[in-house]
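Within every chain, numbering begins at 1; the chains are lettered A, B, ... in the order of the sequence lines, protein sequences first and strands thereafter.
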Amino acid sequence: LPFANKDNISVRGKRLSCSSKILQGYVAPYNATVIGRLLDAGAVPLGRCNQDEFAMGSSTEYSIYGPTRNPINRDYVSGGSSGGSTAAVAANQALFGLGTETGGSVRLPASYCGVYGLKPTYGVLSRWGVVAYGSSLDQVGIIGHTPADIARPLAVMCGADMYDDTSADLPEGKSLLSLEACSAAELAALRIAVPKQFLESKGMDADVAKVFAETRAWFGSKGATIETVDLPVLDASIASYYVIALSEAASNLSRFDGIRYGERVDNSNGYDQLYVDTRSAGFGPEVKRRIIIGNYVLSEQFSGDTYKKGMSVRARIQRELAQLFERYDLVLCPTCPTPAFRLGQKVDDPLAMYLSDLFTTFVNLARIPSLSVPAGHTSGKGVEAGLTKGFDGEFLKAAATGHSDSMPVGIQFAGPMFSEKKILRIAQAWEEEHPGCGCPVKG
Amino acid sequence: MQTISGTIAALKAGTVTSRALVQESIDTFEADRTSALPLNAFLEIYDDALALADAADKEI
């Protein structure tokens, strides 16, 4: 089974660049654990895919190789940072794809490209051989056309790894090889929480809100209990995320100094100048921005206070979500407040780009699993906004042309730690009533 | 669109080979790469993809 690999996951003897100039010429000396396990199972890594440089971005525009386009409308972004793997799956260039998440980099492109994207519980997939961004948040993710297409690679790759001390076994992981949809009785017994903070978000696109309302109505029609919950701490999740992620990034990326990896700029002015010249020439502007912010947050001037506050908010998010999941099975919310946007629209506006992650970062901070489900689409010529109904629907016909002005909308199914099987079974029940919703480009 | 479960069933039934699947993916990529507005999803197709597929076919 051919799969698409992200350019930050090591395949022995193959180039790996993180879509950065600084890693040009670098060849991975060993396989990432997830790659090794897939190879052992007979899967075939087809090639490496585009991404935002060092996975820092939400649109796959911050890449030295240029942007990855959205298969549904090639004037639109694919989302990021795992936009290459996701677009490859959506365009039927691979059966499934591997991406990585720090704050939504699998779910966001999955939502923009109209496929399923899973961010597993932190530790379920080993990070050995994956280039680090924010180590306490990083996790390998899977992109596929159906929940079952995600479950099978997850079953093969999951489990503790002696090379990654933060890795963990996934209960019932191997049973994911044959995923069964939730029964009607199980759906009716679900208790679903909808955070008020996301429901009332000011930046939410009207069509995204409509798809979200119809998704809630679908669960309601199955007998599930849906309640709005108030979690004020979620308002601080994106600020906390950027403090933690950028601090860890500044530390992790210090290893790219021109001595150990990739390209070196040596003007014979001593080691200090070699580091400066190499990093100045090798990193792109977004990576530099994040390293500078991260180092600023960690600087002596603040005595690490900002980082400590970020960690304190994170602890509260983890605690409050754990308490929430004592009463509910699922948190339901859109993957992103807006659908995919035009290429270039936000590339010079970092704040607008960062806000793409508004609904995704709480999942990474809480280390819980979440699946972006290609639930519906926005309105366009001859297409009304709403749930994607099937292969013969107007949206999928428009999507197959490659220049649809109706774009996909993803809804997240998030559950407590290690609830991957339950989430995927619920999504499979969704898929069976909305066949083809994860296949935007029919092959 | 092919799903994994459908593809595995076809591999087991012998109606498709791993090489054919990989070749189909490569062909789809090549057709896109030479189109007016390529996706730019794959940066590189690994040179041993077909050899790995052949090895997988032998195991099946």
Between [options], which shows the greatest number of heavy-atom pairs under 4.5 Å with chain B?
options                             : value
A/Ser19, A/Gly42, A/Ala88           : A/Ala88
A/Arg15, A/Arg152, A/Gln51, A/Arg74 : A/Arg74
A/Arg48, A/Lys14, A/Arg69           : A/Arg48

So for [X], is it side chain, backbone, both, or neither that comes closer than 4.5 Å to the heavy atoms of chain A?
X       : answer
B/Asp27 : neither
B/Ala56 : side chain
B/Glu59 : neither
B/Ser35 : side chain

Pairwise distance CD1(B/Ile4) to CG(A/Asp149) - rounded to 0.5 angstrom: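 If I round to the nearest 0.5 Å, the distance is 4.0 Å.
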
Separation between OG of A/Ser85 and CG of A/Asn8, rounded to the nearest 0.5 Å: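 A/Ser85 OG to A/Asn8 CG: 8.5 Å, rounded to 0.5 Å.
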
Enclosure of A/Glu180 CD (heavy-atom neighbours >12, cutoff 6.0 Å):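 Not more than 12 within 6.0 Å, no.
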
Heavy-atom side-chain contact between A/Ile9 and A/Lys6 under 4.5 Å: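 Contact flag for A/Ile9/A/Lys6 side chains = yes.
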
Check: A/Phe3 and A/Ile35 side chains under 4.5 Å, non-hydrogen atoms: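 Yes, side chains in contact.
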
With a 4.5 angstrom heavy-atom cut-off, is it the side chain or the backbone of [X] that approaches chain B, or both, or neither?
X        : value
A/Leu177 : neither
A/Asp75  : side chain
A/Pro67  : backbone
A/Ala87  : both

Residues B/Arg19 and B/Asp57 bridged, charged N to O under 4.0 Å: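 Result for this pair is no, no salt bridge flagged.
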
Heavy-atom pairs under 4.5 Å with chain A, option from [options] with the top count:
options                            : answer
B/Leu52, B/Leu39, B/Ile26          : B/Leu39
B/Leu37, B/Thr28, B/Ile45, B/Leu50 : B/Leu37
B/Ala49, B/Ala31, B/Ser18, B/Ala55 : B/Ala49

Check: A/Gly129 main-chain N/O paired with A/Ser10 side-chain donor or acceptor under 3.5 Å: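 Judged by distance alone, yes, a pair lies under 3.5 Å.
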
Main-chain N/O of A/Leu46 paired with A/Asn5 side-chain donor or acceptor, under 3.5 Å: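 Not a single qualifying donor-acceptor pair exists.
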
Parallel, tilted or perpendicular: ring planes of A/Tyr112 versus A/Phe341, cut at 30 and 60 degrees: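 Perpendicular, since the angle between the ring planes exceeds 60°.
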
